[in-house]
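Nothing fancy with the numbering, it's 1 onward along the sequence. Keep in mind the model is a prediction, meaning the values are calculated, not measured.
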Amino acid sequence: MMRMTETVKQLLIINIIFYIGSYFVATAYPLFSLYYPENDNFRFWQPLTSMFMHAPMPNLMHIAFNMFALVSFGSALEHFWGAKKFIFFYISCGLGAALLHLGVSYFQIHSILDSLSGLNLSDSDLKILLNADYRAIFSSEGQMMAGNVKTILENAKCTQEQFNVLITAVQEFQTPSVGASGAIYGLLTAFAFMFPNAELALLFIPVPIKAKYFVPGILAIDLFLGFKGSSLFGSGGTGVAHFAHIGGALFGFIMMWYWKKNSFNNNRWD
């Protein structure tokens with residue numbers, strides 16, 4: 001394995017600091033994870049900071065896989081590109097992943113809400129319903145307690161079936177996104193661009209495979225697993241969350257294609 005380069009080492013340290021620090025600072029996850037823009041917890045810096053956050057302890061696999069990939073592929077790329085070009089590429093892929101994730105979330109949430117248009121809910125009603133803490137509004141017997149949410153649903157004559165549909169939108173609206181996976185997929189794509197015939201292998205694939213076949217295969221497998229609720233370089237979750245992985249790979253592909261087209265990919269920024 002190639003010696004770890006300086007920028008990769010710094011990124012590794014930052015990710016570990018975020019991982020350990022968020023365990024001791026309770027407010028770190030709502031502050032630095034990526035929330036849907038209309039969520040009350042959303043902050044403008046989250047598209048950047050969320051790529052340094054990972055699934056909380058005791059989950060080690062999420063950060064371990066991402067950091068292993070960062071060191072393995074990132075060091076090779078930084079060696080040939082230089083630090084400035086590498087960090088620009090890495091951050092751009094992470095932001096691109098967040099952008100696609102938020103775009104798909106927007107489509108998903110509003111498609112669900114459109115199916116509930118018959119309830120004639122106002123924008124203020126929807127804001128209350130989507131931001132409500134549903135764990136706190138039900139009694140120990142499972143009955144919804146009096147409050148704004150119950151009043152809005154009763155006035156709208158919401159059925160149990162409609163409420164169940166609403167909850168799917170609430171889950172997507174309230175679930176934050178974390179992880180460096182989008183940026184990592186950008187690195188994988190760039191590696192396949194630069195070293196298409198390099199032979200790679202995973203522990204569960206004993207036969208080496210060329211990067212130009214390995215990376216598209218990993219993307220396809222991870223997206224499939226994502227819809228099943230798991231991931232190769234992620235923490236599981238819905239299929240929507242795994243569009244962040246595809247977003248990182250897509251932005252990485254676009255940048256590599258552009259640099260190659262302009263004969264820029266061989267120039268260091270140092």
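The shortest distance between side-chain heavy atoms of Arg3 and Ser75 does not fall below 4.5 Å. With contacts defined as side-chain heavy-atom distances shorter than 4.5 Å, the pair Tyr106/Tyr36 qualifies. Phe89 places a side-chain heavy atom less than 4.5 Å from the side chain of Leu187. Counting heavy atoms from C-beta on, the side chains of Tyr213 and Leu200 never come closer than 4.5 Å. Side-chain contact between Gln143 and Phe138: absent, with no pair of heavy atoms (C-beta onward) separated by less than 4.5 Å. Counting heavy atoms from C-beta outward, Phe214 and Lys210 have side chains that stay 4.5 Å or more apart. Tyr19 is not listed as a side-chain neighbour of Asn15, based on a closest heavy-atom distance of 4.5 Å or more. Within the 4.5 Å cutoff, side-chain heavy atoms of Leu11 are placed close to those of Phe86.
Using modelled atom types, one side-chain atom of Thr168 and one backbone atom of Val165 make a donor-acceptor pair closer than 3.5 Å. Side-chain N or O atoms of Gln46 include one that pairs as donor or acceptor with a backbone N or O of Ser33 at under 3.5 Å. The main-chain N or O of Val8 is found under 3.5 Å from a side-chain atom of Glu78 such that the two form a donor-acceptor pair. Without hydrogens or angle criteria, Tyr134 side chain to Leu129 main chain gives a donor-acceptor distance under 3.5 Å. The closest donor-acceptor contact from the side chain of Thr175 to the backbone of Glu172 lies at 3.5 Å or more, if one exists at all. Proximity of a side-chain donor or acceptor of His62 to a complementary backbone N or O of His54 within less than 3.5 Å is not detected. Judged by distance alone, the side chain of Asn59 and the main-chain N or O of Met61 form a donor-acceptor pair under 3.5 Å. With hydrogens and angles disregarded, a donor-acceptor distance shorter than 3.5 Å links the side chain of Asn131 to the backbone of Lys127. One N or O on the side chain of Gln162 and one on the backbone of Thr159 form a donor-acceptor pair closer than 3.5 Å.
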In sequence, state the C-alpha distance, the side-chain angles, and the governing distance for Phe32 and Phe52, and then conclude on ring-ring contact (aromatic ring centres under 6.0 Å, His included).
CA-CA 9 Å; Phe32 297 131; Phe52 299 104; 9.9 Å; no
Could you walk me through whether Leu116 and Leu121 satisfy the side-chain contact (heavy atoms from CB on, under 4.5 Å) test, starting with their C-alpha distance in whole Å, then the side-chain angles of each, then the deciding distance to 0.1 Å, before giving a yes or no?
CA-CA 9 Å; Leu116 299 174; Leu121 298 167; 5.6 Å; no
Go through it in stages, so that I can follow the logic: the residues are Ile137 and Lys150, the test is side-chain contact (heavy atoms from CB on, under 4.5 Å), and I'd like the CA-CA distance, side-chain angles, deciding distance and then a yes or no.
CA-CA 9 Å; Ile137 64 176; Lys150 185 174 183 179; over 6 Å; no
Apply side-chain contact (heavy atoms from CB on, under 4.5 Å) to the pair Tyr185 and Ile246, showing each step before the final yes or no.
CA-CA 7 Å; Tyr185 273 94; Ile246 303 303; over 6 Å; no
Under the side-chain contact (heavy atoms from CB on, under 4.5 Å) rule, what do Leu77 and Thr5 come out as? Steps first, then yes or no, please.
CA-CA 9 Å; Leu77 293 172; Thr5 50; over 6 Å; no
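For the atom pair Tyr29 OH and Tyr23 OH, the distance stands at 11.5 Å (nearest 0.5 Å). Note that CG of Leu130 and CG of Asn39 are 9.0 Å apart. Values are rounded to the nearest 0.5 Å. Rounding to the nearest 0.5 Å places CD1 of Ile87 at 9.5 Å from OG of Ser92. We find the CG-CG distance between Leu34 and Asn41 to be 11.5 Å, quoted to the nearest 0.5 Å. Within the model, atoms CG of Leu12 and CG of Asn66 stand 11.5 Å from one another, a figure rounded to the nearest 0.5 Å. Taking CD1 of Ile152 as the reference point, atom CD1 of Ile128 lies at 4.0 Å (rounded to 0.5 Å).
Heavy atoms only, all atoms of each residue included: Leu119 and Ala156 are closest at CD2-O, 3.5 Å. The two residues Ser177 and Ser50 have their closest heavy-atom pair at O-CB, 3.6 Å. Nearest approach of Leu95 to Met51, heavy atoms of both residues: N-CE, 3.7 Å. Scanning all heavy atoms of the two residues, the minimum distance from Cys93 to Ala183 falls at CB-CA, 3.9 Å. Taking each heavy atom of Ala132 and Gln174 in turn, the nearest pair found is O-NE2, 2.7 Å. Contact record, Val178 with Ala55: CG2-N, 4.0 Å, taken as the closest heavy-atom pair.
Taken together through direct or relayed side-chain contacts under 4.5 Å among Ile, Leu, Val, Met, Phe, Trp and Tyr, Leu102 and Ile112 form parts of separate hydrophobic clusters. Linking Ile, Leu, Val, Met, Phe, Trp and Tyr whenever their side-chain heavy atoms come within less than 4.5 Å leaves Phe107 and Leu126 in two separate clusters. Transitive grouping of hydrophobic side chains (ILVMFWY, heavy atoms separated by less than 4.5 Å) brings Ile20 and Phe18 into a common cluster. Using a 4.5 Å cut-off between side-chain heavy atoms of Ile, Leu, Val, Met, Phe, Trp and Tyr, with links allowed through other members, Met53 and Leu70 fall into the same hydrophobic cluster. Val71 and Met194 fall within the same hydrophobic cluster, defined by Ile, Leu, Val, Met, Phe, Trp and Tyr side-chain heavy atoms under 4.5 Å apart, directly or through other members.
Using a 30° and 60° split on the angle between ring planes, Phe191 and Phe73 fall in the perpendicular class, above 60°.
By the neighbour-count criterion of 12 heavy atoms within 6.0 Å, atom CG of Asp114 is densely surrounded, having more than that number from other residues, nucleotides or ligands.
Residues passing the side chain to side chain donor-acceptor pair (under 3.5 Å) test with Glu141 are Ser139, sequence neighbours excluded. Every residue two or more places apart in sequence or in another chain that forms a side chain to side chain contact (heavy atoms under 4.5 Å, CB included) with Leu31 is listed here: Trp45.
Ser122 and Ser124 are linked by a side-chain donor-acceptor pair at a separation below 3.5 angstrom, with hydrogens and angles left out of the test.
Aromatic rings from Phe195 and Phe80 are positioned such that their centres are separated by under 6.0 Å.
For the pairing with Trp81, the ring pair (Phe, Tyr, Trp, His ring centres under 6.0 Å) check across Tyr90, Phe193, Trp259 returns one residue only, Trp259.
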